[in-house]
Protein chains: 2
Amino acid sequence: MGHGADAKTTATARERLETVGAADVAATLQALATPSRLRILARLQEGPCAATELADAVGMEQSACSHQLRLLRNLGLVTGERRGRSVIYALYDNHVAELLEQALYHVEHLRLGLRDAPAQAPATAAGAR
Amino acid sequence: MGHGADAKTTATARERLETVGAADVAATLQALATPSRLRILARLQEGPCAATELADAVGMEQSACSHQLRLLRNLGLVTGERRGRSVIYALYDNHVAELLEQALYHVEHLRLGLRDAPAQAPATAAGAR
DNA sequence: TGAACACATGAACGGCTCTTCATGTAGTTC
DNA sequence: GAACTACATGAAGAGCCGTTCATGTGTTCA
């Protein structure tokens with residue numbers, strides 16, 4: 001209903017994590033945990049692209065790129081459909097685009113060493129202090 | 001200066017990625033790419049916590065937890081300061097909390113198989129379709 | 001000062017991941 | 001259908017990662 005965190009349905013990140021499955025979350029996020037795949041996704045954010053062209057754009061061998069594309073596909077992050085003798089790859093979703101975007105955003109800031117606020121705990125019954 | 005993406009200073013994700021350093025971005029994101037660290041960060045989002053208590057909360061051995069904490073610390077994602085004979089760990093930043101939050105959010109949606117929109121390219125000269 | 005607690009660190013091992021090399025399959029063109 | 005292009009796949013090797021075991025450092029308290 002609301003936007004971010006309502007008072008009622010506020011599950012802790014920890015609960016949500018176990019609900020979805022920590023291993024699954026980790027697996028998905030690992031798609032963003034290597035330079036090669038990061039480059040692939042970043043290129044795809046600019047628009048769909050054929051496999052060979054993609055490999056060329058990110059500077060990796062066709063085979064290596066294909067392997068990673070399969071991985072990304074199995075994770076449901078990208079799609080690939082035939083078009084003539086090419087296979088056009090694209091980001092699956094806008095969620096993927098945003099995930100990449102925000103990951104980049106946060107890492108850019110973290111890498112600058114800027115400190116926003118010393119990490120405040122959510123508005124829990126935090127009497128203990 | 002703006003907030004998210006101004007029309008003028010819009011660099012492609014690919015450019016930003018190389019600017020920050022794809023390897024560095026990957027390294028940081030890899031902190032979210034394993035169940036153990038994911039649990040650690042999720043627990044810390046609820047508030048600061050001593051090392052042993054933390055290890056207990058996420059169900060891992062003290063040593064293993066300590067190793068991962070060092071890693072997270074080196075990446076600048078968490079802080080740890082002595083307090084008596086304990087060391088209290090906390091998320092470094094609100095950026096870290098948000099990164100975790102949004103990663104969770106997107107993965108929750110991706111895991112549901114919900115498809116928002118078939119990934120639209122940014123407002124480029126995307127006539128080809 | 002010595003014992004007990006809290007945490008950090010080093011070494012080592014098993015497992016996973018990414019790449020490369022070689023080969024296989026699908027589609028087009030002649 | 002033969003040759004070529006575009007992509008996928010399998011096997012294998014090098015390197016990295018996370019855990020465990022054993023031990024070390026710092027702190028409190030009697």
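In the text below, chain A, chain B and the rest are named by the order of the sequence lines, each starting its count at 1. Everything numeric in this text was worked out from a predicted model, so none of it was measured.
- Here the side chains of B/L38 and A/L29 are in contact, with some heavy-atom distance below 4.5 Å.
- Considering only the side chain of B/Q68, D/dG18 comes nearest among C/dA8, D/dG18, C/dG10.
- A close approach under 4.0 Å does occur between a side-chain nitrogen or oxygen of A/Y89 and OP1 or OP2 of D/dA8.
- Residue A/L69 is classed as having no contact, given no heavy-atom separation below 4.0 Å to the nucleic acid.
- When the C1' atom of D/dT5 is taken as reference, atom CD of A/E53 falls 15 Å away, rounded to whole Å.
- A search for salt bridge (charged side-chain N to carboxylate O under 4.0 Å, His left out) contacts involving A/E15 returns nothing, not counting sequence neighbours.
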Requested in this report: With side chain to side chain contact (heavy atoms under 4.5 Å, CB included) as the test, would you mind laying out the steps for A/R111 and A/H106 before giving the verdict?
Outcome: CA-CA 8 Å; A/R111 284 285 142 188; A/H106 286 294; over 6 Å; no

**Report entry** Test side chain to side chain contact (heavy atoms under 4.5 Å, CB included) applied to B/L17 and A/L100, step by step
**Finding:** CA-CA 10 Å; B/L17 184 59; A/L100 178 62; over 6 Å; no

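- When side chains are defined from C-beta on, A/L44 counts as touching A/C49, because their heavy atoms get closer than 4.5 Å.
- Using a 4.5 Å heavy-atom cutoff, the side chains of B/Y92 and B/V78 are not in contact.
- The residue B/S86 sits close only to the backbone: its heavy atoms come under 4.0 Å of sugar-phosphate atoms, none of a base.
- Summarising the geometry, the separation between CG on A/D56 and C1' on D/dT5 is reported as 15 Å, rounded to the nearest angstrom.
- Ring geometry for B/H109 versus A/H95: interplanar angle of 30 to 60°, hence tilted.
- Between A/L72 atom CG and C/dT17 atom P the separation is 13 Å, expressed in whole Å.
- Taking atom CG of B/L71 as the reference point, atom P of D/dT19 lies 10 Å away to the nearest angstrom.
- Residue B/N74 contributes atom CG, which lies 15 Å from atom C1' of D/dC17 at whole-angstrom precision.
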Query raised in the report: Can you give one letter per nucleotide of nucleotides 21-28 of chain C, going 5' to 3': B for a protein heavy atom under 4.0 Å from the base, S for sugar-phosphate only, - for none?
Result: BB----BS

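- For A/R73, the side-chain atoms get nearest to D/dA8 when compared with the rest of C/dC18, C/dA8, D/dA8.
- Across residues 13-30 of chain A, not one residue has a non-hydrogen atom less than 4.0 Å from an atom of DNA chain C.
- Atom CZ in B/R70 sits about 14 Å away from atom C1' in D/dT25, given to the nearest Å.
- Residues B/P35 and B/R39 are in side-chain contact: their nearest non-hydrogen atoms beyond the backbone lie under 4.5 Å apart.
- Residues passing the salt bridge (charged side-chain N to carboxylate O under 4.0 Å, His left out) test with A/R16, sequence neighbours excluded: B/E101, B/E108.
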N/O donor-acceptor pairs under 3.5 Å from side chains in residues 56-77 of chain B, not counting sequence neighbours:
residue: B/Q68; atom: OE1; partner: B/R37; partner atom: NH1; Å: 3.4
residue: B/N74; atom: ND2; partner: B/R70; partner atom: O; Å: 3.4

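- Looking only at side-chain heavy atoms (C-beta outward), A/E81 and A/V87 stay at 4.5 Å or farther from each other.
- Contacts with DNA chain C (heavy atom under 4.0 Å) in residues 32-40 of chain A: A/S36, A/R37, listed by number.
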